Amino acid sequence: MKYIYRLLLVSLVIFLIISGCTERTDPDRPDIVIIGIPGDADTFNPLFATGITASQIIDMVYPSLVHSDFDLEDGTISYHPSLSKSWEHHNDNKHITFDLRTDAVWEDGTPITARDVFVTYKLYGNPEIGSVRQDALENFLKNADGTPDIEQSIEITDDSTITFKFESAYTGQLFDAGLPILPAHIFETIPGEELRTHPVNRQPVGAGPFKLRSWTPQQSVVLESNDLSVLPHPATLSRLIFQVIPDYQSRISQLESGEIDMMDDITVEDAERMERRRTSVNITPMPERRYYFVGWNNIDTEAYADSEGQTIQPHPLFGDPDVRTALTLAINRAEMTNAFFGDYAREAVGPIPPVFRWAYDETLEPLPYDPRRASQLLENAGWEVDDSGILRNGNTRFSFTMMIPSGDHLRSMMASTIQQQLREINIEMNIEQVEGAVFLQNLMRKSYDAWIVGFMFPLELQIDNLWGSDFNTAYFNFVSFQDERVDEILARTRVLYDTDEAAPLWMELQRIFHQKQPATFLCWVSNIVGVHERVKGKTVDIHGLTHRAWEWYTD
Amino acid sequence: MKVFVKKYFNFLLLIFGLVVLYSTLFKYTLIKQSLISLFFTIISIAISPHKAGEFWNRALMEYWVAGLTYLFLVIALLVIIVKIENLKILISKVFTQRNSVSGFYGVVSFVLISLLAPVLAPADPYAQGDLATTRLLQPFTQGTMMIRIPDAPPGLEEKNRIEKIRRTANNYLLNRITRFTRSDEYTAANEYHTSSIIFILGTDSLGRDVFSRIIYGTRISVGIGFAATIAAMSFGTFIGLLSGFFFGFVDKILMRFVDLFIAIPSLFLVITLVAFLGRSITVLIIILAAAGWMGTARLVRAEVLKLREREFVLSAKLLGVSWFGIIRSHLIPNVLPVILTGAILQLGNVILAEAALSFLGLGTQPPIPSWGNIIGEATPYLRIAWWIAIFPGLALSLFVISAHLIVEGAQEKIQSI
Amino acid sequence: MIRLILGRIVSSIPLIVGLVTIVFIIVRLLPGDPMTIYISPAVPPAVAEQLRAEFGFDKSIIHQYGRWIWGVMRGELGFSFTHQRGVAEVITSAFPNTLILAGTAILFQLILGISLGLLAVRFHKSFIDKIVSVGGLIIYTLPTFWVAILLLYVFSYTLGIFPSSQMHSIGADEFGRIEYLLDLLKHLILPATVLALPGAAAIARYLRTNLLDVLHEQFIINARSMGLSERKIFLSYALSNALIPTITITGTTIGILLAGAIVTETIFSWPGMGRLTVSAIFARDYPLIIGCTLVAGIVVIIGNLIADIMYRVVDPRIRTEGL
């Protein structure tokens with residue numbers, strides 16, 4: 001039997017050795033910053049990249065004509081030269097001519113010219129390639145079949161002068177002209193059908209402050225400073241590492257132990273815990289861009305589906321603005337916001353985010369939590385409690401299903417809370433979780449009655465595709481809200497470059513939303529970012545984590 | 001052996017007694033209203049059977065079942081006290097092993113808990129607290145429970161007496177609204193009946209009582225387990241019998257089919273199907289059954305093949321007894337013990353599978369309190385609130401251990417036959 | 001033996017084809033178009049149709065199936081949307097990780113199971129014996145995912161001894177060889193233990209009962225009377241007889257573990273087949289789902305085959321007839 005003891009002894013020793021290797025708590029890696037991310041990048045080809053990480057890396061690796069910054073003081077976006085030295089608007093603001101830098105080169109030394117821009121936009125606009133960024137070309141000049149006509153829209157004068165021609169004048173032109181630019185000398189040689197699989201998607205040749213050093217799928221992406229870059233200069237850090245750590249709990253432990261230097265999407269519980277403990281991690285909220293709202297379908301879903309989108313009539317439950325107001329009154333938004341997000345969110349009033357200071361109506365108060373007034377409104381609208389304890393109006397029972405995508409803990413908690421609160425005013429609400437793709441598909445088809453969505457607001461104040469009346473262009477108008485005055489305002493503000501002129505219109509729009517309550521807006525949520533104190537520079541920006549990463553440095 | 005049965009039996013009796021005592025003391029109104037509702041519903045149906053559909057309500061079912069189980073327990077206690085010895089002897093005949101006796105008592109307790117859930121749980125499993133003061137409370141924290149019983153539905157005066165009583169009882173059962181709080185301001189702002197409650201196992205991220213959720217969760221988890229097991233066993237037995245009797249071509253095809261299902265990793269099959277078919281409890285039951293019938297089919301087939309060569313089957317065949325007759329009188333009695341043992345093991349496995357699925361977010365939908373769901377919803381809070389995840393896991397383990405204990409004993413018995 | 005193996009491989013081909021066909025049909029017939037997620041809603045409908053055509057989603061399911069089978073024959077498993085790489089490439093990068101985890105788990109399972117089983121026999125009817133037989137049953141029945149989060153809570157969050165997820169620490173590429181291996185081992189311990197526990201419990205319990213039975217059999221008593229040393233009897237007679245169930249249990253777990261321990265890999269974020277499968281399902285990455293099923297099916301069949309062969313090697317009395 002001796003060998004058994006021997007075996008046990010050996011295992012014990014192994015165990016001790018392993019547990020003896022302690023974690024390195026003090027990070028010793030000058031000029032290197034590690035960011036913990038939940039999911040890997042999909043591709044480094046801007047034609048197809050959809051993930052946040054991939055987009056962040058693309059923005060740092062590939063050049064673009066302009067670079068944007070968001071001014072939090074007045075809530076406006078401003079554009080700076082990047083690949084372009086300067087630009088000017090002409091022809092009633094429909095055309096923009098860019099003057100390009102002549103000293104910018106690709107990683108392989110080839111100079112960047114206007115041709116690169118032209119070829120890139122041709123790729124974005126080519127319907128056969130099906131780029132995910134195709135919608136940025138919506139306002140370019142069009143071919144007869146509705147596809148963007150790049151030959152007409154983009155005109156090269158010489159190697160360093162290029163003109164963009166838009167169908168109409170609008171405020172988001174520079175945003176659309178600021179897409180990442182690809183190296184023409186590489187992409188021209190790739191046949192269209194190989195674009196999705198070509199190795200260059202994994203080994204990008206860029207010109208930005210960083211370049212890709214290595215990519216280990218599902219593990220890490222390592223960027224390094226691009227010495228040749230003049231856009232605006234080689235990164236100060238020698239390396240920037242994106243480490244894939246799918247499990248949130250692990251990411252948080254590694255941030256606290258110093259194994260990674262930053263991460264975002266920290267829960268309010270952890271944020272508060274870390275602030276109490278005064279760790280070496282700085283907790284900063286990124287200003288509110290994310291928002292949640294409960295959508296009530298304003299139109300009758302069945303009639304809409306039966307007539308293949310022809311019949312539009314009010315929804316039997318939610319068609320009445322008074323009923324929707326009652327629902328908002330019965331949902332305790334302040335309590336939910338406070339419980340789930342603490343100080344890192346604010347109760348929402350309407351569809352405009354508070355970061356657009358000039359357009360946001362501070363005077364508008366959110367509706368109070370008042371179930372009694374809600375009951376009163378419903379009674380006035382003809383709803384009475386029936387035998388089973390549920391409201392009834394003629395043959396219609398006030399009973400519906402709230403849809404949420406599966407796997408979203410926050411929305412699941414919100415739905416449960418709303419279910420309980422509506423039950424108190426005698427409304428029956430069921431909850432159904434569906435898989436993400438099915439959820440989106442059915443929202444687009446307008447086949448759900450009620451749901452909770454979470455959106456990221458773009459930094460351009462544009463809500464045409466969210467709240468416009470034409471369902472073909474307003475493909476995100478899931479609640480099927482239609483209002484003539486809102487359409488007018490949206491059309492006017494699109495071309496108003498002066499914020500002072502546009503502001504009153506936006507205020508009016510918010511009051512319309514407040515009255516009609518097409519949806520119950522819950523809250524604007526900050527993205528909570530944790531950054532190790534050794535990382536210096538502007539680490540938190542409303543654009544995203546890595547907006548100015550080339551300026552970062554370490555102690 | 002008898003001594004052992006006796007010891008545990010008395011223990012079980014004690015628990016039964018406590019359950020009855022607790023529910024009579026604390027849940028008297030609930031039980032009374034449940035029984036009234038049941039009684040008058042039956043009368044109403046008897047008077048006008050054509051309107052039976054109107055009286056049916058799934059939410060009421062759970063109260064009726066609880067009321068009935070309570071009645072049954074009371075009667076059973078009385079009977080047992082009178083005829084205690086006979087029952088013990090019966091149990092000791094069925095379960096000849098110590099382990100299976102305790103396992104059996106374990107499973108029985110869980111079934112009882114699930115039937116009596118509305119009576120045993122201190123509160124509604126969906127009831128939330130006010131989010132400011134009742135989230136993530138530690139076990140044994142005290143709080144205030146607020147109950148609102150809404151006014152009687154309108155138009156009651158015009159109805160006859162039976163209707164009136166039935167509706168009042170139903171109103172009590174269905175339309176009570178429960179909330180928790182720990183702040184006096186909150187209690188003052190709402191016109192509710194208040195009483196004090198101790199959150200024995202703490203509260204979860206929405207201020208719901210974990211103990212109540214686990215008790216209701218027993219019903220969801222054990223219910224799904226039983227349904228899926230019965231479905232799987234029936235289908236497996238059918239295929240096994242078919243394959244064993246019509247050996248040759250049919251057998252070959254069927255067994256290939258069985259092999260095919262075995263080759264698919266079962267959790268994988270389940271996950272794929274759930275992700276695409278949706279997450280209703282019915283779908284879950286069908287899917288869990290589809291992933292678990294193969295073992296039974298093989299077992300039954302092997303038994304049939306063995307038996308069909310035995311003398312009594314051969315002689316029956318010679319005597320001209322039909323296949324059906326042979327199946328009924330010879331095979332089923334012989335195969336049944338094997339199937340039952342398999343079924344109990346399967347029960348444990350199915351419940352584990354359901355929990356794992358819910359944990360991954362593919363099982364029953366939140367906020368339905370199945371054990372797996374409670375654990376799944378608790379994982380984001382593991383660091384700050386360990387109690388939410390630990391206790392449902394314990395319940396789950398206890399149930400599965402009970403099932404395995406029954407089989408441990410039963411297998412030894414079968415081997416000795 | 002070789003004939004047996006070849007026969008088994010040939011007979012499992014229709015099985016694998018059937019498996020893949022079923023999964024293919026399930027995945028393609030169910031609601032939700034895979035392209036919805038990958039095409040921006042702003043893309044004109046005509047263009048979206050064209051893209052669907054490019055991936056063959058507009059054709060009948062039979063056509064799609066034919067197209068896929070034709071691809072498999074040429075060694076192509078299709079293109080994964082979420083990873084933007086070939087399915088075969090994605091799977092080859094995940095499979096070795098599962099192999100490492102499964103291998104370690106089996107090793108743990110054998111070491112733990114056999115040593116505990118032997119200890120229980122050595123100290124028969126003692127405290128240790130009770131723990132092994134009762135504790136074994138309890139551990140065998142505990143829900144895997146619950147054990148996993150318990151271990152995480154205790155060893156990772158509270159004590160901080162072991163890392164809670166992943167395979168390597170950050171920057172492990174630059175470690176020395178030994179440091180690298182130790183780092184890997186440290187990451188392996190929790191998930192491998194979780195996977196090994198039920199198997200180890202089963203082995204310990206079976207070994208214990210079997211060994212106790214064998215030690216009382218006639219040939220052992222004969223050997224004793226012939227004056228052989230206890231040690232020799234134990235090692236050469238009793239143990240070899242008692243090890244058969246151990247091998248069977250191990251054989252069956254090989255297949256299961258290699259197909260990817262879905263729950264454990266998910267909880268510990270282990271970049272193997274199990275997590276790959278789950279993420280493919282959640283992202284509706286159809287080609288990847290089918291690819292993963294194919295691999296899982298093949299692996300399970302191979303695992304069963306290995307179990308069979310080992311069984312025969314240990315116990316030549318079992319005839320190969322009828323297989």
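As the structure is a prediction and not an experimental result, all values here were calculated from the model. Letters A, B, ... are given to chains in the order of the sequence lines, protein chains preceding strands, and every chain is numbered from 1.
- Both the backbone and the side chain of B:Ile401 have a heavy atom closer than 4.5 Å to some heavy atom of chain C.
- C:Tyr153 and B:Leu382 get closest at one heavy-atom pair: CE1-O, 3.3 Å.
- With a threshold of 4.5 angstrom between heavy atoms, C:Ile298 does not approach chain B through any atom at all.
- Shown here is B:Tyr381, whose OH atom has more than 12 heavy atoms of other residues, nucleotides or ligands within 6.0 Å.
- A search for side chain to side chain donor-acceptor pair (under 3.5 Å) contacts involving C:Thr21 returns C:Tyr65, not counting sequence neighbours.
- Interface remark: B:Ile390 contributes backbone and side-chain atoms alike to the contact with chain C (heavy atom separation under 4.5 Å).
- Using a 4.5 Å cut-off between heavy atoms, B:Leu398 makes no contact with chain C at all.
- Within residues 135-147 of chain C, the residues having any heavy atom under 4.5 Å from a heavy atom of chain B are, by residue number, C:Leu137, C:Ile138, C:Tyr140, C:Thr141, C:Leu142, C:Pro143, C:Phe145, C:Trp146.
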